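These values consider heavy atoms only, across backbone and side chains, with no hydrogens, waters or symmetry-generated copies. Computed from a predicted structure; not experimentally measured. Each chain gets a letter, A, B and so on, in the order the sequences are listed, and its residues count up from 1.
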Amino acid sequence: MDVRLQVSMVFHLDKCIGCHTCSIACKNVWTDRKGAEYMWWNNVETKPGTGYPTKWEDQSKYNGGWEKKGNGKPELKMGNRASRLINIFHNPSLPKMDDYYEPFTYKYEDLFDSPEGADQPTARPISMVTGKFMDIEAGPNWDDDLGGSPVYAENDPNFEGLSPEEQQELFDVERLVFFYLPRICNHCLNPACVAACPSGAIYKRGEDGIVLINQEVCRGWRMCVSACPYKKTYYNWSTGKSEKCILCFPRLETGQAPACFHSCVGRIRYLGGILYDADRLTDALNVDDDKLVEAHRDLILDPRDPVVREKAKENGIDERTLEACERSPVYRYVKEWKMALPLHSEFRTLPMLFYVPPLLPVMAKTENGVYETANDELFSPIEKARLPIKYLASLFSAGNTDQVSYALKKQYAVRLFKRLETVGDVSQEVVDKALAECGMDAAEAEAVYRLTSLPTMDERVVIPPMHREEAMAMLDDDMWEQKGSAGFGFREAPVRGA
Amino acid sequence: MMDNLLFIVLPYIAVTLFVVVSIYRYITDKFSYSSLSSQLLESDELFYGVVPWHIGIIGALTGHLIGFLFPKEVLWFNGVPVRLYILETTGLVFGLLALIGIVALMWRRIRVPRIRSVTSTVDTIVLVLLFAQVVLGVYTALFYRWGSSWYAASAVPYLRSLLFFQPDIEMVKPLPHIIKTHIINAFLIIAIFPFSRLVHMVSLPIEYLWRPYQVVIWNWNRKKIRGQYSLSNAKEDSELNVIGR
Ligand code: HEM
Ligand code: SF4
Ligand code: SF4
């Protein structure tokens, strides 16, 4: 057993209001720079929809992630190592800028400097790449709230498993349904970006599992951009280096929540330490698609187990870190309650950001054109869901509908449980049945309710102590040499090479 | 005098710049080492430029290197006409590929506005020098037969004389102007190399072929920091997560 710590995350989709505050917080802190204008390390997309970059989930287009191979060793979908070097001059699966969008601003001066005339002056859009006037064809969140639209929702790759009738029903205006999917880098256990980097510039930090790109080692071969199935590494067209979400490690190291977590208006974001067994990673990668979620969950270890604690200490994990893991909200949602699921686990990167699938838009329905959330059974059972369970399963459990159903049923049961307590218009029988169906007792239902609805910042974000002060002390040989791989600031200005 | 300047002084300056500045730049400004790929901004036209260009130029440069290292063997190989024709044709094909490639690349840089916005003055100089070099090279291959043999017989001894610090330019003096220009231009490219995007070629990541896929870096020495815990039975690392550099 090789016990390691991963700073891991849960996003509770039932709470996301799609306000994009998270994206703005991230943009302001990290990517408001030349060459990075088009990057959204945090983005929020509307589902059903094609997302950002367009159709990122369609790996027949981008060749991201891993593929299960007969010999037990998964291989990158892009091909083997040699193919990466052969394709180094021109990467056949690289997204183009237009798959994201061309960043733009407006020529605001014209509003002030235009000579007086018969017409109002306008501020025309100018490209932030060329500085020339341009026609805007797309922008960040171009398909925001366009669930049901033929251009966007209809092209969602997750519709593959649905029959044409099922799909069509979703596009009837009255049945139209959508929810929000905020995405950041998953800081995967088996990151495809790391494996694809010919320079070895991308690495996982041993102590907390954060995946970073060493800007001094990156040579701009742009392989990580295609390899990441979530399209969460980006190529900076100005500096010629790839960049990605750094999970705000300078904030984490000083005990603050990452900017997107801190600013989240819906308070949907949870962060905490997870202990996992690095020796068993290969096992978790070699199972069939429908077993992936379970195998992934199996890697996660109980921080209260004495054996695990002993092994963790042997690996240099501190007692205080273990204490933080015990309080980890992520552990509860993912392992104890089995309510949070990894996004697209069939990409086999073992993503460490988990999602509680959304219940509300799924449950609500329309009756004679009236939006109805309650019926005789109070909430319609998930079998009658507006958004087919198959669709959610394609997103959150590699097609395994049992996993998604279970997560939804649990939310459903908690809702009934609280309804009985606060309003009292459901019978004890119904509640007991709902609880029993997902093997939950009253105490657990209460705990789920509290962590979902009432958590304080300190309960949502439990940052394991990172001991960076001690880590710094270890940089005894050459601090500057170490800096590139330790991740602290720039020694040289990040200026594009000649 | 002029010949001394162009064929002795220039080469030494060029190679000195190449070595000293490349190393200095690598030590003080690693960040600037990058392919500076522009594929994100424009991909389709790039393909028709960058692929033939690199196949062609790498092929042609390898040919020059082989001739430089094994001149006698090359002359012996060329002793049989069929073999000579094969070698010459191969060289010409590489040259033409490079020519097609560089024309496509220059055309793209001039025409595509997004690409123009990431083109520096040095980029332009480099492309012009490389274009000139390839044109001169292809012209030589076509009109001064048989390059592979006389290169081994006269240019290589000159280059080697430079290498051993006993410059002897008698061999190059009688060469046609086109070929002389090719040599001078080559040293100009070597001189500008460390100041340009050309440095990308020295970071060819060959070790990727045997490196473990996953890279994990521990920022601290776990044993030293948490000395109280025994690491005696801690394994090197798991199969997937292998400690990187
Ligand atoms: C050693 C192996 C080499 C590798 C792996 C390599 C790789 C690359 C890559 C990835 C690009 C960027 C393409 C893009 O825009 O996406 C590039 C561009 C370029 N390379 Fe190389 N290269 C190599 C050797 C060379 C050599 C020997 C030369 C010339 C002497 C050369 C000259 C250039 C030039 C001029 C460009 C700029 C093309 C343009 O965008 O206009 N490369 N190379
Ligand atoms: S989500 Fe993508 S960028 Fe992030 S660790 Fe996983 S493979 Fe790498
Ligand atoms: S800030 Fe929170 S609620 Fe708002 S879009 Fe982002 S994740 Fe959703």
Output the option from B:Leu41, B:Val51, B:Val122 having the highest count of non-hydrogen pairs under 4.5 Å with chain A.
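Looking at each option in turn, the highest pair count goes to B:Leu41.
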
Hey, which of B:Ile206, B:Leu36, B:Val199 has the most heavy atom pairs under 4.5 Å with chain A?
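Option with the top pair count is B:Leu36.
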
As an exercise, state the distance from [atom1] of [X] to [atom2] of [Y], rounded to the nearest 0.5 Å.
X: A:Phe89; Y: B:Leu46; atom1: CZ; atom2: CG; result: 11.5 Å
X: A:Leu94; Y: B:Gln39; atom1: CG; atom2: CD; result: 4.5 Å
X: A:Cys197; Y: B:Tyr208; atom1: SG; atom2: OH; result: 8.0 Å

Over all heavy atoms of both residues, which pair between B:Ser34 and A:Gly240 is shortest? Give the atoms and the distance, please.
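That would be OG-O, 2.6 Å.
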
Of all heavy-atom pairs between B:Ser37 and A:Arg222, which one has the smallest distance, and what is that distance?
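Closest pair (atom of B:Ser37, atom of A:Arg222, distance): OG-NE, 3.1 Å.
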
With a 4.5 Å cut-off on heavy-atom pairs, point out which of [options] contacts chain B the most.
options: A:Asn236, A:Val225, A:Val194, A:Val211; answer: A:Val194
options: A:Met97, A:Arg496, A:Arg219, A:Lys241; answer: A:Arg219
options: A:Ala196, A:Pro95, A:Ser127; answer: A:Ala196

Determine whether the side chains of B:Gln214 and A:Asn190 contain a donor N or O and an acceptor N or O closer than 3.5 Å.
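Per modelled atom types, B:Gln214 and A:Asn190 side chains form a pair under 3.5 Å.
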
Let me know if A:Tyr38 has heavy atoms under 4.5 Å from chain B in its side chain, its backbone, both or neither.
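The answer is the side chain of A:Tyr38.
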
Counting C-beta onward and ignoring hydrogens, is there a side-chain heavy-atom pair between [X] and [Y] closer than 4.5 Å?
X: B:Val118; Y: A:Trp237; value: yes
X: B:Ile217; Y: A:Arg205; value: no
X: B:Ser35; Y: A:Ile88; value: no
X: B:Phe47; Y: A:Pro92; value: no
X: A:Leu85; Y: B:Pro205; value: yes

Taking the six-membered ring of B:Tyr213 as reference, does the NZ or CZ atom of A:Arg81 fall below 6.0 Å from its centre and within a 45° cone about the axis?
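The answer is yes, since A:Arg81 meets both limits relative to B:Tyr213.
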
Answer with side chain, backbone, both or neither: which region of [X] has an atom nearer than 4.5 Å to a non-hydrogen atom of chain A?
X: B:Phe195; value: backbone
X: B:Tyr48; value: neither
X: B:Ile58; value: side chain

Between B:Phe31 and A:Cys218, is the side-chain contact (heavy atoms from CB on, under 4.5 Å) condition met? List the steps.
CA-CA 8 Å; B:Phe31 185 81; A:Cys218 170; over 6 Å; no

Count the heavy atoms belonging to other residues, nucleotides or ligands that lie under 6.0 Å from [atom1] of [X], then report whether that count exceeds 12.
X: B:Phe70; atom1: CZ; value: no
X: B:Glu207; atom1: CD; value: yes
X: B:Tyr24; atom1: OH; value: no

As a quick check of understanding, evaluate side-chain contact (heavy atoms from CB on, under 4.5 Å) for A:Tyr100 and B:Leu40, giving each step before the final call.
CA-CA 10 Å; A:Tyr100 305 86; B:Leu40 179 81; 3.9 Å; yes

Residues B:Glu42 and A:Lys96 bridged, charged N to O under 4.0 Å:
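Looking at B:Glu42 and A:Lys96, the cut-off is not met.
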
Please lay out, stage by stage, how B:His54 and A:His90 fare under the test side-chain contact (heavy atoms from CB on, under 4.5 Å).
CA-CA 10 Å; B:His54 280 94; A:His90 185 274; over 6 Å; no

